[in-house]
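Remarks on the structure that follows.
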Amino acid sequence: VQLQASGGGLVQAGDSLRLSCAASGRFLSRYVSGWFRQAPGKEREFVAAIGRSGVSTYYADSVRGRFTISRDNAKNAVYLQMNSLNSKDTAVYYCGVGAGAMVDRRTSYDYWGQGTEVTVSS
């Protein structure tokens, strides 16, 4: 599976962004999909995940209520709608897919995209 993340950019606090993750090579519907992020000098951390059918979603406490993860299996894509952005959301965002059960663990994901950078200015 090849993943291509896009949609990052420079925004101001309070703005919104929508990240996209396009998959090729295999049907995305076979995998749980997730978004992680890595801020400068920090470990990569879980942001959100979505089950194969799109019914189940999971969020880190820091983004719950502001971010929404969704997927379109027909388009082989996963999205992350980010609202009310603040400076703490500044990071490189990575999409991943995998078959692991612990959706908030990096080890549950077998394939990763290259990352898209989000910078939020205050």
Side-chain angles (χ1 to χ4, degrees):
V1 178
Q2 292 80 45
L3 302 174
Q4 180 73 38
S6 62
L10 173 63
V11 297
Q12 294 186 336
D15 285 352
S16 299
L17 274 178
R18 188 192 194 208
L19 305 184
S20 298
C21 180
S24 60
R26 292 187 183 179
F27 292 114
L28 196 63
S29 59
R30 295 181 179 179
Y31 303 97
V32 170
S33 300
W35 288 94
F36 284 66
R37 66 187 181 186
Q38 188 166 15
K42 295 188 176 182
E43 296 285 323
R44 190 176 299 190
E45 65 174 5
F46 170 73
V47 175
I50 187 166
R52 295 173 178 80
S53 67
V55 172
S56 299
T57 56
Y58 312 86
Y59 296 95
D61 289 342
S62 59
V63 307
R64 186 175 290 110
R66 299 188 298 123
F67 291 11
T68 303
I69 188 170
S70 61
R71 66 191 301 159
D72 187 336
N73 287 337
K75 295 183 178 180
N76 243 17
V78 178
Y79 308 99
L80 185 67
Q81 177 66 41
M82 306 187 295
N83 299 329
S84 301
L85 286 162
N86 60 60
S87 59
K88 294 181 179 180
D89 298 317
T90 294
V92 177
Y93 284 71
Y94 298 89
C95 60
V97 299
M102 305 297 287
V103 298
D104 60 342
R105 306 285 177 86
R106 290 173 57 185
T107 53
S108 293
Y109 296 85
D110 303 306
Y111 304 96
W112 293 94
Q114 86 289 359
T116 185
E117 188 169 4
V118 173
T119 303
V120 184
S121 63
S122 56

Apply side chain to side chain contact (heavy atoms under 4.5 Å, CB included) to R37 and V92, showing your working.
CA-CA 5 Å; R37 66 187 181 186; V92 177; over 6 Å; no

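- With rounding to the nearest 0.5 Å, the separation of CD in Q114 from CD in Q2 is 12.0 Å.
- A donor-acceptor contact shorter than 3.5 Å links the side chain of S121 to the backbone of V11.
- In this structure, Y93 and F67 have tilted ring planes: the angle between them lies in the 30° to 60° band.
- Between M102 atom CE and Y58 atom OH the span is 11.0 Å, to the nearest 0.5 Å.
- When the side chains of ILVMFWY residues are joined at heavy-atom separations under 4.5 Å, either directly or via intervening members, L19 and V47 end up in a single hydrophobic cluster.
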Working note: C95 + L3, criterion side chain to side chain contact (heavy atoms under 4.5 Å, CB included); need CA distance, chi angles, decisive distance, verdict.
CA-CA 7 Å; C95 60; L3 302 174; 4.0 Å; yes

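- A heavy-atom distance below 4.5 Å is not found between the side chains of L80 and R18.
- Between Y109 and Y94, a ring centre-to-centre spacing not shorter than 6.0 Å is recorded.
- Two residues are said to be in side-chain contact when any heavy atoms from C-beta on lie closer than 4.5 Å; S33 and L28 meet this criterion.
- With rounding to the nearest 0.5 Å, the separation of CZ in R71 from OG in S29 is 7.0 Å.
- Sorted by first and then second residue, the salt bridge (Lys or Arg N to Asp or Glu O under 4.0 Å) pairs involving residues 55-67 (not counting sequence neighbours) are D61-R64, R66-D89.
- With hydrophobic clusters built from ILVMFWY side chains whose heavy atoms lie under 4.5 angstrom apart, Y59 does not share a cluster with Y79.
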